[in-house]
Amino acid sequence: MTVMNPAITLATTRRILTQLRHDHRTLALMIIMPSVLLTLLRYVFNDEQMFNRAAPALLAVFPFAIMFIVTSITTLRERTTATLERLMTMPLAKLDLLFGYAIAFGLIAIVQVAVATTVSVSWLGLSITGSVWLLGAIAVLDALLGAALGLFASAFARTEFQAVQFMPAFVMPQVLLCGLFSPREEMATVLDWISDVMPLSYAVDALTQVTHSTEVDGTLVKNLLIVAGCTLAALVLGAATLRRRTP
Amino acid sequence: MTNSAVVVNDLRVKRGGRDVLKGITCEIPRGTVTGLLGPSGCGKTTLMRSLVGVQIVEGGEITVLGRPAGHKDLRSRIGYATQNPAVYPDITVTEALTYFASVLRAPADDVARVINEVDLTSHADAIIGQLSGGQLSRANLAVALLGSPELLILDEPTVGLDPVLRDELWELFTGLAERGVTLLVSSHVMDEASRCAHLLLLREGELLAAHSPAELRENTGEADLERAFLRLIKDTVR
């Protein structure tokens with residue numbers, strides 16, 4: 001296996017950001033969409049308390065879902081147009097490509113989450129007991145998890161049409177079971193188990209905790225480690241699905 | 001020590017259950033332009049993919065620049081241009097080439113050099129997706145020239161180009177060969193064959209002949225290479 005090279009990884013990040021820079025519409029959608037959805041939700045509830053209960057979870061869910069779909073389509077495009085094959089004939093490690101993507105989308109996620117958090121806290125009345133910075137950091141980690149899972153999922157799609165269908169398949173079950181609609185411990189045992197193996201559940205737990213308490217305890221650290229571990233695992237699994245030789 | 005850049009021995013490839021290459025044995029001499037010719041679907045692209053090391057092969061041996069095909073040391077020594085342009089449509093020519101140049105660790109001034117070599121200077125800052133077909137295939141070719149590779153594998157690089165431009169590119173190819181670069185260029189246009197030093201004629205996954213254009217003319221008694229190729233097919237079938 002070719003060893004990663006930071007210069008090549010960062011060149012890949014720069015190239016992806018350049019692609020996005022030329023695509024104003026996508027960039028605008030990625031950056032403002034979570035804020036728009038959160039604003040919508042605030043007026044749907046029309047009640048600050050209910051919004052305060054749901055918003056932290058959604059601060060994880062929206063960037064997660066948007067990053068999942070954007071990355072799965074972008075990487076699929078790299079696979080279906082011959083650029084991936086061309087890169088595979090060059091001295092680029094598979095992880096250079098994947099981490100290049102992860103860093104690029106991580107940077108976008110930082111902007112996305114910063115905007116969404118600012119809007120929620122200053123205009124929509126979200127009150128956060130813990131650190132706003134920690135909340136932002138966790139939300140970025142969730143967006144990265146979405147990006148990593150999107151990269152991995154793109155390996156199983158042959159067409160962009162299929163990739164879009166993966167969004168309900170990979171993302172929706174996690175959203176339904178993450179504790180947003182009903183607390184996880186109150187769900188049927190089997191559903192609780194399923195929710196236990198879904199990384200988004202831990203992300204939402206961590207965000208909810210930061211919203212309600214200033215304490216940074218073992219549970220929070222454990223939850224964050226699980227999310228980070230899943231992100232890394234998805235990236236490495238994604239690398240395993242890239243093949244230099246194809247039929 | 002062989003004087004061939006590429007040595008292929010009994011290469012067999014199956015794709016989708018079909019035998020696409022049925023035991024190809026050939027050599028590509030260093031510092032020459034070798035033409036890979038044959039009707040579409042005869043296995044030209046598969047042979048090229050095998051040399052580059054991205055094709056899963058069924059059997060046989062391929063040695064490229066003294067190493068087995070696909071060896072990681074070869075990745076910066078081979079330039080490969082696929083038939084379908086493999087460049088990012090949503091960025092400019094310069095931006096795309098700059099990226100590929102950094103992956104290849106090619107010198108910084110290489111981007112301007114290759115853009116000039118394929119005659120795209122006037123479109124250096126154009127978005128690739130907005131280029132014409134001919135410009136697009138030249139941008140695709142430019143990527144293969146980055147980093148001055150020792151071996152160039154070019155799949156139909158002149159398709160859809162006007163005669164003047166085609167002539168210029170062939171000048172470039174022969175110029176590169178004079179500087180010691182080995183080129184394998186596929187085409188299904190027989191008039192391009194006369195510009196190659198060697199020809200590999202492929203048909204239905206088998207190598208019909210490996211000659212120089214002069215030998216091909218002599219062996220078949222046909223002055224026109226297209227007719228010579230047809231003659232060769234008739235003689236083999238019989």
Side-chain angles (χ1 to χ4, degrees), chain A residues 1-30 70 73-101 103-104 158 160 242-247, chain B residues 13-18 20 45-46 48-58 69-92 94-106 127-130 140 143-144 146-147 149 151 153 155:
Chain A
M1 196 161 176
T2 316
V3 186
M4 271 182 76
N5 175 317
I8 297 180
T9 312
L10 291 178
T12 306
T13 300
R14 196 172 339 117
R15 187 260 300 168
I16 296 158
L17 291 176
T18 310
Q19 286 179 291
L20 285 171
R21 193 162 48 77
H22 283 290
D23 186 355
H24 301 172
R25 206 170 299 171
T26 301
L27 200 57
L29 282 171
M30 284 171 80
V70 173
I73 298 280
T74 334
T75 34
L76 183 72
R77 234 173 23 179
E78 185 115 50
R79 286 173 203 263
T80 49
T81 65
T83 50
L84 180 65
E85 177 172 307
R86 171 161 253 162
L87 288 175
M88 291 287 106
T89 68
M90 293 183 175
L92 160 134
K94 295 166 187 169
L95 285 176
D96 280 327
L97 185 67
L98 289 171
F99 276 92
Y101 266 99
I103 296 170
R158 290 231 163 147
E160 295 188 5
L242 295 177
R243 291 268 175 268
R244 286 204 194 258
R245 282 184 190 268
T246 48
Chain B
V13 176
K14 260 191 180 74
R15 294 184 83 174
R18 221 165 49 83
V20 182
T45 299
T46 306
M48 291 185 142
R49 282 170 45 86
S50 309
L51 301 187
V52 181
V54 294
Q55 176 68 51
I56 294 175
V57 304
E58 191 78 4
H71 192 282
K72 68 181 164 81
D73 288 356
L74 293 173
R75 285 183 201 141
S76 48
R77 297 170 68 194
I78 304 180
Y80 172 48
T82 48
Q83 189 175 352
N84 294 324
V87 275
Y88 300 96
D90 40 7
I91 53 181
T92 69
T94 306
E95 286 165 348
L97 286 167
T98 306
Y99 172 55
F100 286 118
S102 33
V103 171
L104 290 164
R105 280 164 266 185
I127 298 283
I128 291 172
Q130 289 166 4
N140 189 44
V143 181
L146 284 169
L151 172 65
I153 296 185
D155 202 353

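Residue numbering restarts at 1 for every chain, and letters A, B, ... go by the order of the sequence lines.
In terms of non-hydrogen atom pairs under 4.5 Å with chain B, the most contact-rich of A:L10, A:N5, A:L87, A:L92 is A:L87. Options A:E78, A:M88, A:M90, A:R14 differ in how many heavy-atom pairs under 4.5 Å they form with chain B, and the most are formed by A:M90. The choice from B:G53, B:G147, B:P85 that makes the most heavy-atom pairs within less than 4.5 Å of chain A is B:G53.
Across all their heavy atoms, B:T82 and B:N140 have their closest contact at O-ND2, 2.7 Å.
Using a 4.5 Å cut-off between heavy atoms, B:I78 makes no contact with chain A at all. In this structure, chain B has no heavy atom under 4.5 Å from any part of A:A7. Interface residue A:T12: backbone and side-chain heavy atoms are both found under 4.5 Å from chain B. Within the 4.5 angstrom heavy-atom criterion, only side-chain atoms of B:V52, from C-beta onward, approach chain A. For chain A, the nearby part of B:R105 is the side chain; its heavy atoms alone come within less than 4.5 Å. Of the atoms belonging to B:E95, it is side-chain heavy atoms, and not backbone ones, that fall under 4.5 Å from chain A. Looking at B:A144, the atoms closer than 4.5 Å to chain A (heavy atoms on both sides) sit in the backbone and in the side chain alike.
The side chain to side chain contact (heavy atoms under 4.5 Å, CB included) test with B:R49 is passed by exactly one of B:I153, B:V54, B:I56: B:V54.
Residue A:R244 qualifies as enclosed at atom CZ: its count of foreign heavy atoms under 6.0 Å is above 12.
For the pair B:R77 (side chain) and B:P149 (backbone), a donor-acceptor distance under 3.5 Å is absent.
Identified under the salt bridge (charged side-chain N to carboxylate O under 4.0 Å, His left out) test for residues 79-92 of chain B, with sequence neighbours left out: A:R77-B:D90.
Applying the side-chain contact (heavy atoms from CB on, under 4.5 Å) test to B:N84 and every residue at least two apart in sequence or in another chain returns nothing.
A:T81 and A:T83 share a side-chain donor-acceptor pair at under 3.5 Å.
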